[in-house]
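Source: prediction; values computed, not measured. Naming: A, B, ... by sequence-line order, numbering from 1 per chain.
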Amino acid sequence: MVERGIKPDTFSYTILIDGFSKQGNVEKAVGFLKNMLKGGVLPNVVTYTAIISGFGKKGKLEEAFTLFKEVKNIGIEVDEFMYATLIHGACVKRDFDCVFHLLDEMENKGIKPSIVTYNIVINGLCKVGRTSEADNIFKQLDGDIVTYSTLLHWYTEEGNVEGIFEIKGKLEEAGLCMDVVACNILIKALFSIGAFEDARALYQAMPGMGLSADSVTYCTIIDGYCKIGKIEEALEEG
DNA sequence: TTAGGGTTAG
């Protein structure tokens, strides 16, 4: 672009910055931010969110917060995306005081967290073994398919049979549209509680729901059958 | 008419 005399704008810079942040090279992303500023191209809330996300993924929460304060000082209006990104970073660091503080701050600013932001918090709590706490805190919440998938996944990891039944029931009650990820998690959960026939029935019902099994589905089923010594069934489904 | 946040096996 530069060779051809095309001046990069906020969008092209932000795409580059986001790409480097996602690859784990937040230093390079910061370098591009500096280039932008030097060239008189103004970063916006999306640009800064990309960098904060890069810091968060690497566990560099302090750097993320320093930048967050800078953004506020510049006078750029922070939004739910930026808060969600910071919350994700705080979850990576297992700093839940920080997480709940950020949620409070959002509320004070009149920024209502969407289900995506709540799902970040739920997953963060589950990851540190606080699944039932996550489940309780967000009981009143209208979960989406990711919320239920996440809770079901972690209850399965914990071997919490009661939890599995609770979420399975809620999932059916909510009547949400299943996706492949949700099916894979539910199949695994069913295997874990010994409901092999239900697991198989769900797998077979997938095409009727407009879903096709992916490699995770097959691995889950093969693993499930192998663990109970049913090699024949494992071979059969493949 | 371009850019940003969440969930799956082993």
Which of these nucleotides, [options], is closest to any side-chain atom of [X]?
X        : options              : result
A:Ile15  : B:dG4, B:dG5, B:dA3  : B:dA3
A:Val45  : B:dA9, B:dG4, B:dG5  : B:dG4
A:Val46  : B:dA3, B:dA9, B:dG5  : B:dA3
A:Lys188 : B:dT8, B:dT2, B:dG10 : B:dG10
A:Val181 : B:dA3, B:dT8, B:dA9  : B:dT8
A:Cys219 : B:dT8, B:dA9, B:dG5  : B:dA9
A:Thr220 : B:dT8, B:dG4, B:dA9  : B:dA9
A:Thr10  : B:dA3, B:dG5, B:dT7  : B:dA3
A:Lys22  : B:dG10, B:dG4, B:dT8 : B:dG4
A:Thr14  : B:dA3, B:dT7, B:dG4  : B:dA3

Check: [X] side chain, [N] base, donor-acceptor under 3.5 Å:
X        : N     : answer
A:Asn44  : B:dA3 : yes
A:Thr49  : B:dG4 : yes
A:Thr117 : B:dG5 : yes

Could you check how far [atom1] of [X] sits from [atom2] of [N], rounded to whole Å?
X        : N     : atom1 : atom2 : answer
A:Met206 : B:dT8 : CE    : C1'   : 11 Å
A:Leu33  : B:dG4 : CG    : P     : 17 Å
A:Glu157 : B:dA9 : CD    : P     : 6 Å
A:Ile111 : B:dG4 : CD1   : P     : 20 Å
A:Phe191 : B:dT8 : CZ    : P     : 19 Å
A:Leu102 : B:dG5 : CG    : C1'   : 13 Å
A:Ile115 : B:dT7 : CD1   : C1'   : 12 Å
A:Asn123 : B:dT8 : CG    : C1'   : 11 Å

Categorize [X] for me: base, sugar-phosphate, or nothing, with a 4.0 angstrom heavy-atom threshold over every strand shown.
X        : value
A:Val121 : nothing
A:Asp79  : base
A:Asp18  : sugar-phosphate
A:Asp9   : nothing
A:Ser149 : base
A:Ser114 : base

Does A:Phe81 belong to the same Ile/Leu/Val/Met/Phe/Trp/Tyr cluster as A:Ile120, with side-chain heavy atoms less than 4.5 Å apart forming each link?
-> no
Are any of A:His88's side-chain N or O atoms less than 4.0 Å away from OP1 or OP2 of B:dG5?
-> no
Return no unless some side-chain N or O of A:Lys227 is found under 4.0 Å from OP1 or OP2 of B:dG10.
-> yes
For [Y], is there an ion pair with [X] - N to carboxylate O distance below 4.0 angstrom?
X        : Y        : value
A:Lys72  : A:Glu105 : yes
A:Asp135 : A:Lys170 : yes
A:Glu157 : A:Lys188 : yes

For A:Leu151 and A:Ala134, work out which heavy atoms get closest and say how close.
-> CD2-CB, 4.4 Å
Between A:Thr150 and A:Asn123, is any side-chain donor less than 3.5 angstrom from a side-chain acceptor?
-> no
Does the aromatic ring of A:Phe81 sit over the six-membered base ring of B:dG4, closer than 5.5 Å centre to centre and tilted less than 30°?
-> yes
Parallel, tilted or perpendicular: ring planes of A:Phe68 versus A:Phe65, cut at 30 and 60 degrees = perpendicular
